[in-house]
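What follows is a single structure, written as structure tokens, with notes after it.
Here is the naming used below: chain letters follow the sequence lines, and residue numbers restart at 1 for every chain. The figures that follow rest on heavy atoms only: side chains count, while hydrogens, waters and symmetry mates do not.
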Number of protein chains: 2
Amino acid sequence: MTSGEDSGGSKVMEAYIIGVGNELLRGSTVNTNAVFMAQDLVRLGIGVKGMLNVGDDMNSIVSGLRFATSTANIILITGGLGPTHDDLTREAVSLFTGLPLVFSEEALENIRYYFSLRNRPFGPGTPKEAFIPKGAEVLRNNVGVAPGFWVRYNDRDIIVLPGVPREARDIWENIVKKRLENLYSKNTPVFTLRTFGLGESMVESKILDIIREDQANVDILIGEPMEIKLFIRGENARDIFERIKERLGDYVFTTEDETLAEVVVKRLREKGLTVASAESCTGGLLAGKITDVPGSSEVFKGGFVPYSQWAKKILGVPPYIFENGDVSLEVAENLARIAKEKLSADIGIGITGNAGPSPGDKTKPVGYVCIGIVKDNDVFCKDFQLEGDRLRIRSLAVQWALDMLRRSV
Amino acid sequence: MTSGEDSGGSKVMEAYIIGVGNELLRGSTVNTNAVFMAQDLVRLGIGVKGMLNVGDDMNSIVSGLRFATSTANIILITGGLGPTHDDLTREAVSLFTGLPLVFSEEALENIRYYFSLRNRPFGPGTPKEAFIPKGAEVLRNNVGVAPGFWVRYNDRDIIVLPGVPREARDIWENIVKKRLENLYSKNTPVFTLRTFGLGESMVESKILDIIREDQANVDILIGEPMEIKLFIRGENARDIFERIKERLGDYVFTTEDETLAEVVVKRLREKGLTVASAESCTGGLLAGKITDVPGSSEVFKGGFVPYSQWAKKILGVPPYIFENGDVSLEVAENLARIAKEKLSADIGIGITGNAGPSPGDKTKPVGYVCIGIVKDNDVFCKDFQLEGDRLRIRSLAVQWALDMLRRSV
């Protein structure tokens, strides 16, 4: 028994996540199941000891199970539940636990139901998916053929789900997450904060005294570029949450589970304001990020991507503005103003910069980005020296633009 | 010794990829290093036996190393090389191999160089990053503080890289990949093909007879949405490559290591053509994807994001075009024509569609997307019924638009 006891005397629950599938090992697919399960487990206060991806072979799955059960008491496995001879997870669990595979009427009923939903004929013979280890519980799959199953073995929970993310998620949300919460979660509320504009170590140093003084259970996670997520748990969580929130001030952009773009769209909608963009170095990515949010059409009037100086002139940026080149606060402000006016929006936002890789001059090196916002008669302009490669600089520029928008609404 | 011998008598090389970092276990970061390394290893003909993510604690790293070395002979570790007390990878490798950590002048020089580049002061004392296991080789980091290192241990290669993807990639591309290729790759040429527009199983079924007949070593991997990568290896690889290439015809968009957007930009540049876009449902993502490519400013004149019907009218789409609503082949063609004309480009591309989540009507359900291209006097228009959630539909629409562009150039 590797997992210990916490100070309260209750067992410390630790999970191990295993993904089964050759495609994971070739880098052609990322194990997104591990990501959403881990995020939920953090919220439930269940630690993840490790994540493992193995191929579709018996030895690898069994030795992975052995390794995982030696350090954790909740084992979550996804993948390898399909009908082909490559799908070996149920056989591996049977081999590892010594529980034989037996026919399950409930599993068969699940499979039949799925076929009937799709109006597909149900062939003769018993499908492989109807067999599960003896004593295991069937976990109903509402969106695919193969049900999952849950085995208790040696004081461990071995929970097996299909690999298709939609199916894994369905069973996870409807059954597994709730069950784990009832069984193991300490049922203390979790408070969330997200900040933008500070690095992880800056956030940490700003609140280190609060964490130390109160021995608070605070998780600090990195999100999107320059975005930090904080989870606060424990008995005095609400008090600590309030203190941290006050300390981090307007770096905090939400206390809920939402992205910066979602917050911007929500605020614009609440205030009945609309926005329009004109972006050069980010080439449409800001508009893309805003319109990722469902319902953004209510607040986003549209955008321009004047990628060349020439396109900026066509758009109406007066030629004298380019005296200092394509990248300047004046150009950013002009782009914002033109976007606002041409599209009759309440707010215009303009971005111009040098994302590389071709080097700029001394005053406009790679990573130099100017962002302008025009709202009524107010103008906010700011320049940034961003670090990283082309993709990173562009993505940071979009994030900073969203944050400036948030602060201006 | 778990790794076997292949029929040629040479040792089978198998790799294990370990990511170190609590953030990986919380689902706040995906181990992207594992993804690009795995993809390259496939190309080199080195199999990946497993991928493991462990937290920042000594026990987990050491037991992970033990587990990995029991099944593979190349161990790639990323993360845990930083300056804080949480960074334990070098200590864990030292503990596991029994090789003490010793000061390395070469490592220190690497660190000094990085500080000098950034004009940052170099404090007193010897930084932790200058220590590596005795006998290890320093792997120069050009873009960050901590160099990596390479240890030979018990007939295994243990290769340790920083966790920051930019830094891991730098060392991987400049040193590790080439070295592994020289050391272990079977030196048979690898031929590459990438297709767009067919699913994995469609590609497979089209070429199954070639693969079977010649017992060809063909890896089929999923890339971006609707994009499939094929790697062909072995003695008669060139012949098989030519046959597969002919069979897959114009679904093949490249035989090199490049993306669809890169191919489009390259072709436009070769032909001296320029393009401009007007995108509604994809909200700037097509422009963003094109301008992700360095040097795209030579061929991309700019774009419009007329997200509302109103913005489309402002742009100049004649009102009668909307008789069938916002989403129709006519609107797509008009958007393309306006983009081309307003920005004086050789080619205009227009996209309109319903990406959801709000349901459309019967003729324009969620996922219905129209794409139009206008080039000289030619017009190509096509409509699609795409499946998936909002993000997937938008990303598929961008990919199809790029493919239509590729075919029209």
Checklist entry - Out of A:Ser297, A:Pro306, A:Ala276, which one racks up the most heavy-atom pairs below 4.5 Å with chain B? => result A:Ser297

Checklist entry - Taking the side chain as C-beta and beyond, is there a heavy-atom pair between A:Arg194 and A:Asp257 under 4.5 Å? => result yes

Next on the checklist: Which atoms of A:Ile220 are under 4.5 Å from chain B, going by heavy atoms: the side chain, the backbone, both sets, or neither?
Outcome noted: backbone

Item to check | Proximal component of A:Lys342, with respect to chain B [non-hydrogen, under 4.5 Å] | outcome: backbone

Checklist entry - Do the side chains of B:Leu315 and B:Leu335 get nearer than 4.5 Å, heavy atoms only? => result yes

Checklist entry - Hey, mind stepping through B:Asn31 and A:Met51 against side-chain contact (heavy atoms from CB on, under 4.5 Å) and telling me if it holds? => result CA-CA 11 Å; B:Asn31 189 357; A:Met51 292 176 178; over 6 Å; no

Checklist entry - Non-hydrogen atoms of chain B under 4.5 Å away: do they reach the side chain of A:Tyr16, the backbone, both or neither? => result side chain

Checklist entry - Thinking salt bridges, do B:Asp40 and B:Arg43 make one under a 4.0 Å N-O criterion? => result yes

Item to check | Under 4.5 Å from any heavy atom of chain B - which part of A:Val398 | outcome: neither

Checklist entry - Side chain, backbone, both or neither: which part of B:Ser296 has a heavy atom under 4.5 Å from chain A? => result both

Item to check | Region of B:Leu52 in contact with chain A, defined by heavy-atom distances below 4.5 Å | outcome: both

Checklist entry - Could you state the interatomic distance from NZ (A:Lys49) to CZ (A:Phe67), rounded to the nearest 0.5 Å? => result 9.5 Å

Next on the checklist: With a 4.5 angstrom heavy-atom cut-off, is it the side chain or the backbone of A:Ser63 that approaches chain B, or both, or neither?
Outcome noted: both

Next on the checklist: Does any backbone or side-chain atom of B:Val299 lie under 4.5 Å from a heavy atom of chain A? Answer side chain, backbone, both or neither.
Outcome noted: neither

Item to check | Interface moiety of B:Leu24 toward chain A, non-hydrogen atoms closer than 4.5 Å | outcome: backbone

Checklist outcome for this item: Applying a strict 4.5 Å limit to non-hydrogen atoms, the region of A:Leu343 in contact with chain B is both

Item to check | Basic-acidic side-chain contact under 4.0 Å: B:Arg166, A:Glu387 | outcome: no

Next on the checklist: What part of A:Arg26 gets within 4.5 angstrom of chain B, counting heavy atoms only: side chain, backbone, both, or neither?
Outcome noted: both

Item to check | A:Gln39, part contacting chain B, at a heavy-atom distance under 4.5 Å | outcome: both

Checklist entry - Among A:Gly295, A:Ala34, A:Gly388, which has the most heavy-atom pairs under 4.5 Å with chain B? => result A:Gly388

Checklist outcome for this item: Correct closest heavy-atom pair for A:Ser395 and A:Pro225 would be OG-CG, 3.3 Å

Item to check | Close side-chain approach of A:Pro357 and A:Val366, heavy atoms under 4.5 Å | outcome: no

Checklist entry - Say you draw a straight line from CG of B:Leu41 to CH2 of B:Trp172; how long is it, rounded to the nearest 0.5 Å? => result 4.0 Å

Next on the checklist: Are the side chains of A:Glu262 and A:Leu402 in contact, using a 4.5 Å heavy-atom criterion?
Outcome noted: no

Checklist entry - Who wins among A:Leu25, A:Asp57, A:Val35 for the most heavy-atom pairs under 4.5 Å with chain B? => result A:Leu25

Checklist entry - Which answer fits A:Ser344, side chain, backbone, both or neither, if we ask what part of it has an atom under 4.5 Å from a heavy atom of chain B? => result both

Item to check | Side chain to side chain, A:Thr259 and A:Asp292, heavy atoms closer than 4.5 Å | outcome: no

Next on the checklist: Is A:Glu279 in contact with chain B via its backbone, its side chain, both, or neither, using a 4.5 Å heavy-atom distance?
Outcome noted: neither

Checklist entry - So what's closer than 4.5 Å to chain A heavy atoms on B:Asn22: side chain, backbone, both or neither? => result neither

